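Below you'll find the structure, written out as structure tokens, and then a few comments.
Everything numeric in this text was worked out from a predicted model, so none of it was measured. The analysis underlying the following values was restricted to heavy atoms, covering all of them including side chains, and did not include hydrogens, waters or symmetry mates. When a residue number appears, it is its place in the shown sequence, counting from 1.
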Amino acid sequence: MVDLETRELEYFLMVAEELHFGRAAVRLSIAQPALSKAIRRIETRLGVPLFIRTSRHVALTPAGKALQEHGRHALNAISAAVRHARRAADTQSHLRLVLKPGGDAGLLSPILAGYAHEPDARRVDILFSGPADRTDFLRDGRADIGLLYTPLDSLHGLAHERLHTEGRVVIVPSTHRLAERDTVQLSDLQGETLPRWKGIPGGDGTGPEVADVIQLLHMITVGRMVGVLPRSLVNPVPAGVVCVPVTDAPPSHLVLAWKEHDHRPLVASFVAAALDATRPLTADATTAEP
């Protein structure tokens, strides 16, 4: 079996990213000859060339492209394993919760209040993320628990409990043709400009790229696009826009998620407290619906 040291893999990935030995050496804070020697040593050990080198150009070979793709995953996995090991050994560690700004459907305060009464409660650090990387926070160990919206967020590799279900609304400028409607259907949005979310490939958006709900609302206010979101993400409704329920849009589910096979007591305790704290609230909300 061929062994590749973590440091050597970091060297290779930096050169693969820069495609320039000089710039890569500067970023790694090592001498360029030492970096070139390390790359040659890796190629000799693997028995394949990783780069095509000329006096003006550096390019990846097919073997280099394969190592770049899988090597980055391997390095991330090692970093995550180290973080998880250190967290598991730290009996005084804080619990880290990741969510998007405003992405708690009003449930975060009662959850934290309920958890605070647990005998083994830890301090909860709140982490905010963009639209695309909350699951990354959970998978690589930067966060222990996350509040996610499905089906927008992928739950692959994550355990979860559903906390809340809600409909979606279309957000339009107050002067929009749909602003006076009581409800709309998805077919009513044909021809409308929808956002492209930063970091999320695919989707139906053809409009400008937005990074968060605040940017989206600003673009809607000035008439550049419309957006479809879970109702709780637009609460309170800002001036200049109107929210109209979309009757045939799939519902959104707010879930509490954590990494599969993470059976640490601090995670289990928080999940149990969150379920106890939110069940009466979600039941009351359902009963109050017309």
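- Counting heavy atoms from C-beta outward, Pro173 and Ile220 have side chains that approach closer than 4.5 Å.
- Taking all atoms of both residues into account, the shortest heavy-atom contact from Cys243 to Ile171 is SG-CG1, 4.0 Å.
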Please step through side-chain contact (heavy atoms from CB on, under 4.5 Å) for the pair Leu254 and Thr165, ending with a clear verdict.
CA-CA 6 Å; Leu254 179 67; Thr165 297; over 6 Å; no
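- Looking only at side-chain heavy atoms (C-beta outward), Leu108 and Leu97 come within less than 4.5 Å of each other.
- A 6.0 Å sphere centred on CG of Asp182 holds no more than 12 heavy atoms belonging to other residues, nucleotides or ligands.
- Note on ring orientation: taking the six-membered ring where Trp is involved, the planes of Phe51 and Phe21 are perpendicular (angle over 60°, cut-offs 30° and 60°).
- Both Trp258 and Leu152 are assigned to one and the same hydrophobic cluster, defined by single-linkage of ILVMFWY side chains at heavy-atom distances under 4.5 Å.
- Among all heavy-atom pairs drawn from Arg196 and Gly205, the shortest one is CG-O, 3.3 Å.
- Looking at Leu19, Leu50, Leu67, Val15 one by one, the single match for side chain to side chain contact (heavy atoms under 4.5 Å, CB included) with Leu60 turns out to be Leu19.
- Within 6.0 Å of CD1 on Ile126 lie more than 12 heavy atoms contributed by other residues, nucleotides or ligands.
- One N or O on the side chain of His117 and one on the backbone of Ala113 form a donor-acceptor pair closer than 3.5 Å.
- Checked for salt-bridge contact, Glu192 and Arg177 meet the test: a charged N lies under 4.0 Å from a carboxylate O.
- Asp144 contributes no side-chain N or O that, together with a main-chain N or O of Leu95, makes up a donor-acceptor pair within less than 3.5 Å.
- For the pairing with Ser252, the side chain to side chain donor-acceptor pair (under 3.5 Å) check across Arg168, Arg231, Glu166, His164 returns one residue only, Arg168.
- Taking the side chain as every heavy atom from C-beta outward, Leu13 and Arg72 approach each other to under 4.5 Å.
- Ion pairing between a basic and an acidic side chain is recognised when a charged N comes within 4.0 Å of a carboxylate O; Glu43 and Arg40 show no such pairing.
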